[in-house]
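Positions are given from 1, in the same order as the sequence printed here.
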Amino acid sequence: MAYDDGFPRTEAVQAVTARVLGHSGAELTAVYVPAEGDGDLQLAEMVGGAGVPYGLPTSYAVSGSSAVAAAFRTGLPQWLSPAKPSDFGAYDGAQAVPADVSLGVLPLGEDPKRLGCLVVVDKADAFDADRRHLLELHADQVAAGLEAVAARVMARTERRSLLGPGLDTLRGGAFTLVLSTGRIDADAQVLELFGIAAQEFDRRVETLLACTAPDDIPALMSIVEPGGVTTGGQQLSFRIRRPNGELHWLSLRCRVLVDADGAPERMLGVVADASYLRPSADEVSVVQRLSAALAGATTIREVSRAVVAALRAPLSASRVAVAELEADRLVVTLLDPPEPVAWPAVWQSEWRSEWPDASCHEMPTLEGVLRGGHVALWPPDATLEPGLAGIGPGGLAVLPLPADGRIVGVCLVGWDEPHSFGPEERSLLTATAGLVGQALVRAHALDAGHELATMLQRSLLPRKLPALPGGVAVARYLPATMGLEVGGDWYDVIPLSDGHVAFVIGDVEGHSAGAATIMGQMRTAIRAYAVEGHPPDVVVAHANRLLHGMETDLFATCCYVDLDMEEGIAWFVRAGHLPPLLRYPDGSTEELSVEGGPPLGVAADGEFPLTEVGLAPGTVLVLLTDGLAESASLPLDDGIRRVRELLAAADPADAGLVADALLGSDKRRDDDVAVLVLRYDGMRVRPTRVRWTVWRLPDAVMHARRFTGRTLRTWGVTEEVDVALLVVSELVTNAIAHTQGEVRLDLTLTADRLRIAVNDASPRAPVKPATVDWEATGGRGLLLVEAMSASWGSVPLSGGKQVWSEVALQPGERLGAGDAAAAAEGEEVR
């Protein structure tokens, strides 16, 4: 009958077991392992005390009647005291085994792959209860070493180099601890492992604990805590700091013995050298890869992704969760898998948006771990609250994430299949927790700076662009990926009167909060000057003088376009900025030759000439900042050429896709990028306008109403005449009563709206009364205008203001061709 335990038979096994067996305290100790290809147990190594004249057989038949064979087959220890020579089997040694010895045989490993047997020969009646416990712990220690080495050998090809550092260091000693007093009797081997001289040892357990790594002390103390006491074997690996500063792994196997009342009385233990548990090359590489990933992680989400990528696959975990700790709640930053059904019901009930927001109070075990601040591991089917048990029914690891002396988060790793935690994993998880905690704090600070920069940028740039008659405008802004993510690029789209729209793009020198502040001031100033009705060159000149007068050394570039959406005529003004680009309906592109002036803020009396260009329907206008066309590795001319190529290849049917195509896929940017794209379609139904100068006569309002009535009849507007006449009456009355100078009435008809505007020479905006005395004879004009209008408002103009109202028209109230000609003849009527 052949036995295959998966363990390789090499010379290393025979050569290293002496280090383990030599400290069992017996006269003769040996390890037998199954031989390859037959049914025998062969002697791997035998260690005898000085002067022992006898030995043991080189092999035992598994099917035989010896105590060794019985222990191997049944898995039960065999204690023979006294032992007969026949119990040892045939041996061709120099001298027979004496009759006054005891024999102990302890199986190594569990079915179905038994590793062998540990055989101990000692003087008669040597195996009392305590001695048996200690020898069983020795056997467990030997089996653990063999299993660890076997696992590594099966995973690698270089057997000899791996077996050597493994079992060769498995030497250990025994101790007895009286739990009520803390007095410990430790043999010389234990003290040697801790680096304590025998004459200096005071037999206090605190002396040994003082050498232990602080992170591992809670795990050691948990063995004898209430609820953790067991009479079975306990196994734990821990680290000690030797007097020379070296950090060393030890392995502890112990049993707690109880008195007649069931109270814990003594602990028997075996401590062994576990340097074979030092991190393997694979484990070191995991930590190295995680460190590299965390070094480049700038957001909390990136940190969380790095943790999941580093742990889930190497540990074959079923679930990984990373969460920040805020007060008594876990703010989850990443779950893997992300589906809610993969997580316990408690987590599913707390799902708010993308991730849940769980309360620590519902998971008291987790609360306790976070307070302690040490990695906690639970075996399969551990008794935990549902919120934790459902994460890892086959095993759960909880990693508090420390940073700056506090716990900033937690990482939960769970398995569905039964999972046993090796010391290597504990070391890996402990190292991971420290790295991730620091990375979370760093990312949180970067996220706060990013959020501040993003909020500042959002407040300085338009939230959305207005809908335009006869065209579609879209904008894109991307902050630099280097340094502070806020800069001086800006854009704006400003609806003006008479169907005109202003398009602005600019860039303030520098990349800082100061540049962003100047940018916000310039955008506001240009918008104010444009809305007042100034020509394009005047708008830019005013902005230039404003910036020149500020107490700043920064300057700005700008390109301003005033486009008549009805006629397609554009007036360009350029102040040190890149020229605009055009894509014509036939797909060709051009860099417009626009006369330019100096950057804003350089010269107070700078001149900014106008350039007029006609746009045909289907033309795409692109305004851009230099971050799109220039970088440290891309000259400006080459960058403009690349942008034109992208513009020619883009589909003009979707202005948003055109803008996206121009941005490209570069994720690393040295400068901000702003792009403003207009697809000019032309107006299918052009607005019709007439103007009326209101004379300051007693019956001026009556004449204004008559003019409005005649015009609306000419345009074919019949349903909303009464509303329009009421609005005209109120606006003209207010202008004559409260202002001086010229008053002008403008009527504009579009496809679905009638716009009524009254211009006067007073800069004071009309004020709608907060309360109205309905018995009064006045004060209700603006309330009536508001009630009758689809929208209304007031805008400042150069030398005055304009109060306007828009009245929605009924479907079908459209202007005929003949009426349009008549209306055109009536323009500028007095």
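In this structure a side-chain-to-backbone donor-acceptor pair under 3.5 Å is missing from Lys801 to Asp760. Proximity of a side-chain donor or acceptor of Asp492 to a complementary backbone N or O of Arg527 within less than 3.5 Å is not detected. Looking at Arg583, its side chain does come within 3.5 Å of a backbone N or O of Leu647 through a donor-acceptor pair. Between the side chain of Thr750 and the main chain of Arg753, a donor-acceptor pair closer than 3.5 Å is present. Between the side chain of His577 and the main chain of Asp626, no donor-acceptor pair closer than 3.5 Å is present. Within the 3.5 Å criterion, the main-chain N or O of Gln802 finds no donor-acceptor partner in the side chain of Asn759. Judged by distance alone, with hydrogens and angles left aside, the side-chain atoms of Tyr680 form a donor-acceptor pair with the main-chain N or O of Met565 at under 3.5 Å. Distance alone, capped at 3.5 Å, is enough to place a donor-acceptor pair between the Thr619 side chain and the Ala616 backbone.
Both the sub-6.0 Å distance and the 45° axial angle are not jointly satisfied by Arg744 relative to the ring of Trp692.
Counted within 6.0 Å of CG on Asp553, heavy atoms from surrounding residues, nucleotides or ligands total 12 or fewer; the atom is thus considered open. Other residues, nucleotides and ligands contribute more than 12 heavy atoms inside 6.0 Å of the CD atom of Glu590.
Residues Tyr491 and Leu465 are in side-chain contact: their nearest non-hydrogen atoms beyond the backbone lie under 4.5 Å apart. Using a 4.5 Å heavy-atom cutoff, the side chains of Thr557 and Pro599 are in contact. Trp804 is listed as a side-chain neighbour of Ser791, based on a closest heavy-atom distance under 4.5 Å. The closest side-chain heavy-atom distance from Ile756 to Leu747 is below 4.5 Å.
Note on residues 697-709: pairs passing side-chain hydrogen bond (donor to acceptor under 3.5 Å, both in side chains), not counting sequence neighbours, are Asp699-His703, Arg705-Ser729.
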Run the numbers on Leu678 and Leu468 for side-chain contact (heavy atoms from CB on, under 4.5 Å), then give the verdict. CA-CA 10 Å; Leu678 167 70; Leu468 302 177; 4.2 Å; yes
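Of the N and O atoms on the side chains of Ser762 and Thr739, not one donor lies less than 3.5 Å from an acceptor on the other residue. Counted by atom type alone, Thr589 and Arg644 present one or more donor-acceptor pairs between their side chains at under 3.5 Å. Thr625 and Asp489 share a side-chain donor-acceptor pair at under 3.5 Å.
In plain terms, the two heavy atoms of Leu600 and Ala543 that are nearest each other are CD1-CB, 4.4 Å.
Below 30°, between 30° and 60°, or above 60°: for Trp571 and His500 the angle between ring planes is below 30°, a parallel geometry.
Under a 4.0 Å N-O distance rule, the pair Arg642/Glu630 does not qualify as a salt bridge.
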